[in-house]
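Here's the structure, in structure tokens; my notes come after.
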Amino acid sequence: MTDPPVQQEVLIITGMSGAGRSTVGNALEDLGWYVVDNLPPQMLRPLVELVERAGSNLPKIAAVVDVRGGALFRDLDEIIRSLRNGTQLRVLFLEATDAALVRRFEQVRRPHPLQEDGTILDGITAEREKMLDLREASDLIIDTSDLNIHQLSTTIVEAFTGVDTPGLQVTLLSFGFKYGLPTDADLVADMRFLPNPFWIPELRSFTGLDRQVSDYVLAQEGAGQFVTDYAAAITPVLAGYQRENKRHATIAIGCTGGKHRSVAVAEEFATRLRGLPGVAVSVKHRDLGRE
């Protein structure tokens with residue numbers, strides 16, 4: 001009997017300098033990917049051809065492409081668009097806040113590749129401008145601002161283990177607005193229209209994972225209707241993501257501190273989405289325990 005054809009994958013790793021591309025490459029190598037670092041964009045087509053000829057010898061290959069390619073980087077957007085036709089190609093974009101990137105460059109005592117005679121921040125600003133269109137076209141965006149190398153590696157393992165499973169991987173991410181919006185969120189919902197359990201002494205020390213807090217939050221006027229209506233509104237969006245071959249989506253649900261309302265609603269919302277065909281749901285609580 002002839003073995004079924006191998007489903008080959010090509011992943012482009014790009015994003016901001018200092019955001020963790022090397023760490024991601026190492027994590028993917030540990031998962032069995034063949035990783036090529038600092039590849040000129042013009043070499044992507046020959047790389048894809050190589051993958052096709054190699055068959056089962058190179059089922060998964062990742063290429064790190066970034067502004068170190070200089071003038072060659074300008075062609076990347078067009079090359080990606082052309083390669084998406086007929087190729088299982090995805091783009092992973094890594095980013096971080098200006099403060100996080102400046103701190104990392106200062107720690108390693110290296111200049112930003114685009115700073116020239118200016119400051120590190122000047123280089124970061126120039127790079128963000130160059131990256132705008134590419135970020136918009138990316139399939140998966142990961143904000144590494146608050147991740148160390150071990151946490152980032154774990155995030156990559158979670159994102160790419162079992163990636164062959166068809167469908168959409170949806171992450172419901174609770175967060176606190178006072179700690180900032182998640183920059184990698186595809187959609188954001190605000191739970192601050194609900195009463196805050198923080199102001200109820202007997203509930204303050206608990207979280208949205210505790211039954212007494214969850215019951216209180218979901219019993220408030222408008223809470224149940226929001227979860228029902230938002231799940232109904234998001235269903236065609238997730239179906240559209242699947243039609244467009246988007247493999248990962250992050251739905252962020254926020255409240256003031258990311259401890260009570262957003263946690264309870266994210267958990268409840270997850271139960272509504274888990275029944276959707278082709279959708280795998282996970283829940284993360286970004287700021288739980290941060291206060």
Side-chain angles (χ1 to χ4, degrees), residues 16 19-20 94-104 140-156 158-159 169-234 237-238 248-274 280-291:
M16 298 298 295
L94 302 173
E95 67 178 8
T97 63
D98 289 354
L101 294 175
V102 169
R103 182 175 65 252
R104 291 170 187 175
L140 176 61
I141 300 172
I142 296 178
D143 183 355
T144 70
S145 302
D146 298 320
L147 303 179
N148 60 37
I149 60 174
H150 306 295
Q151 292 168 329
L152 177 55
S153 295
T154 299
T155 298
I156 294 300
E158 292 175 349
Q169 310 294 314
V170 175
T171 300
L172 290 172
L173 179 68
S174 74
F175 73 96
F177 278 96
K178 71 178 182 180
Y179 300 116
L181 283 168
T183 57
D184 52 349
D186 295 286
L187 300 160
V188 178
D190 186 354
M191 295 300 101
R192 291 176 295 183
F193 72 91
L194 298 173
N196 192 348
F198 177 84
W199 301 113
I200 301 177
E202 58 268 30
L203 296 179
R204 181 177 301 176
S205 63
F206 294 99
T207 76
L209 295 176
D210 294 304
R211 182 65 179 269
Q212 54 267 56
V213 172
S214 177
D215 287 348
Y216 172 83
V217 170
L218 296 174
Q220 299 306 304
E221 182 178 359
Q225 181 181 354
F226 169 80
V227 173
T228 298
D229 291 352
Y230 196 49
I234 211 69
V237 175
L238 300 182
H248 298 83
T250 298
I251 302 173
I253 300 177
C255 62
T256 303
K259 178 179 179 180
H260 298 110
R261 293 165 290 180
S262 62
V263 173
V265 173
E267 292 287 342
E268 177 64 20
F269 194 49
T271 65
R272 307 293 182 98
L273 296 186
R274 287 194 171 110
V281 179
S282 62
V283 184
K284 292 184 179 180
H285 302 297
R286 189 191 73 176
D287 299 321
L288 196 59
R290 189 166 181 173
E291 74 284 346

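These figures come from a predicted structure and were not determined experimentally. If you read the sequence from its start, that first residue is 1, and numbering goes on from there.
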Is it true that a side-chain atom of [X] and a backbone atom of [Y] form a donor plus acceptor pair closer than 3.5 Å?
{"X": "T207", "Y": "L209", "answer": "yes"}
{"X": "T228", "Y": "Q225", "answer": "no"}
{"X": "S145", "Y": "T97", "answer": "yes"}
{"X": "E267", "Y": "A264", "answer": "no"}
{"X": "H285", "Y": "K259", "answer": "no"}
{"X": "D287", "Y": "G176", "answer": "yes"}

About how many Å separate [atom2] of [Y] and [atom1] of [X], when rounded to the nearest 0.5 Å?
{"X": "L94", "Y": "L152", "atom1": "CG", "atom2": "CG", "answer": "6.5 Å"}
{"X": "E158", "Y": "Q169", "atom1": "CD", "atom2": "CD", "answer": "11.0 Å"}
{"X": "C255", "Y": "H260", "atom1": "SG", "atom2": "NE2", "answer": "8.5 Å"}
{"X": "L273", "Y": "T271", "atom1": "CG", "atom2": "OG1", "answer": "8.0 Å"}

(message) Let's go through F226 and V265 carefully: what are the C-alpha distance in whole Å and the side-chain angles of both, what is the deciding distance for side chain to side chain contact (heavy atoms under 4.5 Å, CB included) to 0.1 Å, and is it a yes or a no?
(response) CA-CA 9 Å; F226 169 80; V265 173; 4.1 Å; yes
(message) Using the rule given for side chain to side chain contact (heavy atoms under 4.5 Å, CB included), can you reason through I141 versus T183, listing the C-alpha separation, both sets of side-chain angles and the distance that settles it, and then say yes or no?
(response) CA-CA 8 Å; I141 300 172; T183 57; 5.9 Å; no
(message) Using the side chain to side chain contact (heavy atoms under 4.5 Å, CB included) definition, which of the options T171, L173, I234 pairs with I251?
(response)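 Option passing the side chain to side chain contact (heavy atoms under 4.5 Å, CB included) with I251: I234.
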(request) Could you tell me which residues satisfy salt bridge (charged side-chain N to carboxylate O under 4.0 Å, His left out) with R274, sequence neighbours excluded, listed by chain and number? (result)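 R274 satisfies salt bridge (charged side-chain N to carboxylate O under 4.0 Å, His left out) with no residue once adjacent residues are dropped.
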Identify every side-chain donor-acceptor pair in residues 186-201 under 3.5 Å, counting partners at least two apart or on other chains, and give the distances.
{"from": "D186", "atom 1": "OD1", "to": "K246", "atom 2": "NZ", "distance (Å)": "3.3"}
{"from": "D186", "atom 1": "OD2", "to": "T250", "atom 2": "N", "distance (Å)": "2.7"}
{"from": "D190", "atom 1": "OD1", "to": "R192", "atom 2": "N", "distance (Å)": "2.9"}
{"from": "D190", "atom 1": "OD1", "to": "R192", "atom 2": "NE", "distance (Å)": "3.0"}
{"from": "D190", "atom 1": "OD2", "to": "R192", "atom 2": "NE", "distance (Å)": "3.2"}
{"from": "D190", "atom 1": "OD2", "to": "R192", "atom 2": "NH2", "distance (Å)": "2.9"}
{"from": "N196", "atom 1": "OD1", "to": "F198", "atom 2": "N", "distance (Å)": "3.0"}

Quick one: closest heavy-atom pair of [X] and [Y], and the distance?
{"X": "R286", "Y": "L181", "answer": "NH1-C, 3.9 Å"}
{"X": "L140", "Y": "A159", "answer": "CD2-CB, 4.3 Å"}
{"X": "V283", "Y": "A270", "answer": "CG2-CB, 3.5 Å"}
{"X": "S174", "Y": "G258", "answer": "OG-O, 4.5 Å"}

(request) Please examine the side chains of T144 and T155, heavy atoms only from C-beta on, and report whether any two atoms are closer than 4.5 Å. (result)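 No, too far: nothing below the 4.5 Å cut-off.
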(request) Compute the centroid of each ring, for F177 and then for Y179, and state whether the two points are separated by less than 6.0 Å. (result)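 F177 vs Y179: aromatic centres not under 6.0 Å.
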